[in-house]
J.: 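Below is a structure I'd like to ask you about.
Order of the sequence lines fixes the chain letters, A, B, ..., with proteins taken first and strands second; residue numbering starts at 1 for each chain. Every value quoted in this text rests on a predicted model; they were computed, and no experiment measured them.
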There are 2 protein chains.
Amino acid sequence: MSKQAAPLTLADVTAEVFCCQPLAQHRVPAETAALLAPAFKALGDPVRLQLMSMIASAEGGEACVCDLTPAFNLTGPTISHHLKTLREAGLVDAERRGTWVYYRARPAVLRQLAALLSIEPATAS
Amino acid sequence: MSKQAAPLTLADVTAEVFCCQPLAQHRVPAETAALLAPAFKALGDPVRLQLMSMIASAEGGEACVCDLTPAFNLTGPTISHHLKTLREAGLVDAERRGTWVYYRARPAVLRQLAALLSIEPATAS
DNA sequence: TGTCTGTTTCGACAGACGTCGAGACAGTGG
DNA sequence: CCACTGTCTCGACGTCTGTCGAAACAGACA
């Protein structure tokens, strides 16, 4: 059961725990890169980027698949596939409540990614 | 010459000009998603994430391909391919000086991406 | 000029990705 | 219990991606 072999993804990480120095200050080590790259890859599709935004900006902090799907000219299975990708990347959590499934963003993970990309205004400017 | 058809990438944008509201505050419109997704996609590979970091954190703000390549167990052409990807994503600029080619990060673009992912600490928490 | 080193382009290949249709599963309501 | 709706999984398809080796290109230097 406990597949130790699985390379450990962001989805497993509590995200508060581990930390990222800004990209431009310290070289990202290989393990960190391997951990974080899938999250960026997940955001690297226009549809998923919009999905992520719709979920993160939804009032109440969560969005129903039934609201997400009609916003695109794509079939249900395709949207579901993209949502799964976001889930596996650790960017969102899903919860079923009755008939509908709700997705909500994981702010801590987004913050980590933002911190990694952050660039301090040039020293003393 | 002026291929209007070309969908306009981040590499063309001055990056100071256009702006990104944080993902979690306003829905990212489709055009913005199409513009920014390639940048995230480019960062969505562990090798490129490390390359980006090595370039951005290099002293003098630039890194030589000759320093980048030996840091990976990959062939020269492969590294060159990844650097091209970063270039086309608008994340880095390249300049040839004599024998060597130097890459430097485009901080404005990184800042844009960071701003997009940034999450304000929950209002009054 | 010719040769050498550093970098990129080209062509090829296996594997991953985005999309779809069909079907399976979950919950609600008759 | 059965039908209906919402969501996900499965299998398939064409395309894109990461990697390589071979070859082309660019500068430096003898």
J.: In the structure I gave you, are the side-chain heavy atoms of A:Gln50 and A:Phe72 within less than 4.5 Å of one another anywhere?
T.: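 The answer is yes, as the side chains (C-beta and beyond) meet within the 4.5 Å cut-off.
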J.: What is the distance, rounded to the nearest whole Å, between atom CG of A:Asp67 and atom P of D:dT7?
T.: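 So the two atoms are 9 Å apart, to the nearest Å.
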J.: Remember a base hit wins even if backbone is also touched, and classify A:Tyr103 as base, sugar-phosphate or nothing at under 4.0 Å, heavy atoms.
T.: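 Sugar-phosphate, no base atom in range.
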J.: What is the separation between atom CD on B:Glu95 and atom P on D:dG27, rounded to the nearest whole Å?
T.: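 It is 12 Å, rounded to the nearest whole Å.
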J.: Does B:Gly76 or A:Thr85 map to a spot on DNA chain C nearer the 5' end, using the closest nucleotide for each?
T.: B:Gly76
J.: Atom CG of B:Asp45 to atom P of C:dG15: distance rounded to whole Å?
T.: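 Distance check: B:Asp45 CG to C:dG15 P gives 17 Å.
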J.: Assuming nearest nucleotide by heavy-atom distance, tell me which of A:Pro77 and A:Lys41 is located more 5' along DNA chain C.
T.: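 Residue closer to the 5' terminus by nearest nucleotide: A:Lys41.
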J.: Rounded to whole angstroms, how far apart are CG on A:Leu83 and P on C:dG18?
T.: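 My rounded result for the distance is 13 Å.
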J.: Expressed as a whole number of angstroms, how long is the span from B:His81:NE2 to C:dC10:P?
T.: 14 Å
J.: What pair of heavy atoms forms the shortest contact from A:Ser57 to B:Arg27, and how long is it?
T.: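 Closest pair (atom of A:Ser57, atom of B:Arg27, distance): OG-CG, 3.7 Å.
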J.: When all nucleic acid strands are considered with a 4.0 Å heavy-atom cut-off, which category describes B:Thr99: base, sugar-phosphate, or nothing?
T.: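 Counting heavy atoms under 4.0 Å across all strands, the contact made by B:Thr99 is with sugar-phosphate only.
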J.: For a quick check of understanding: with a heavy-atom distance under 4.0 Å over all strands, which category does A:His82 fall into, base, sugar-phosphate or nothing?
T.: sugar-phosphate
J.: For a quick test of reading the model: is some side-chain N or O of B:Thr78 closer than 4.0 Å to OP1 or OP2 of D:dC20?
T.: yes
J.: Find the distance A:Arg97:CZ to C:dA26:P and express it as a whole number of Å.
T.: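 Value for this atom pair: 19 Å.
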J.: Regarding B:Arg48, tell me which of base, sugar-phosphate or nothing describes its non-hydrogen contacts under 4.0 Å with the strands shown.
T.: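 Sugar-phosphate, backbone atoms only, no base.
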J.: Looking at B:Tyr103, I'd like to know if the NZ or CZ of B:Arg87 sits under 6.0 Å from its six-membered ring centre while staying within 45 degrees of the ring's axis.
T.: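 The answer is no, since B:Arg87 fails at least one limit relative to B:Tyr103.
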J.: Give the nucleotide from the list D:dT19, C:dT9, C:dG21 with an atom nearest to the side chain of B:Lys84.
T.: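 Side chain of B:Lys84 sits closest to C:dT9.
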J.: DNA chain D: A:Cys64 or B:Val47, which has the more 5' nearest nucleotide?
T.: A:Cys64
J.: Respond yes when some side-chain nitrogen or oxygen of A:Thr75 is under 4.0 Å from OP1 or OP2 of C:dC20, and no when none is.
T.: yes
J.: Taking all heavy atoms of A:Leu10 and all of A:Ala89, pick out the closest pair and write down the distance.
T.: CB-O, 3.4 Å
J.: Return the value, rounded to whole Å, for the distance between atom CD1 of A:Ile79 and atom P of C:dG18.
T.: 12 Å
J.: Kindly give the heavy-atom pair with the smallest separation between B:Asp45 and A:Ala37, and that separation in Å.
T.: C-CB, 3.8 Å
J.: Without decimals, in angstroms, what is the distance between A:Trp100 CH2 and C:dT28 P?
T.: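 Spelled out: CH2 on A:Trp100 to P on C:dT28 is 9 Å.
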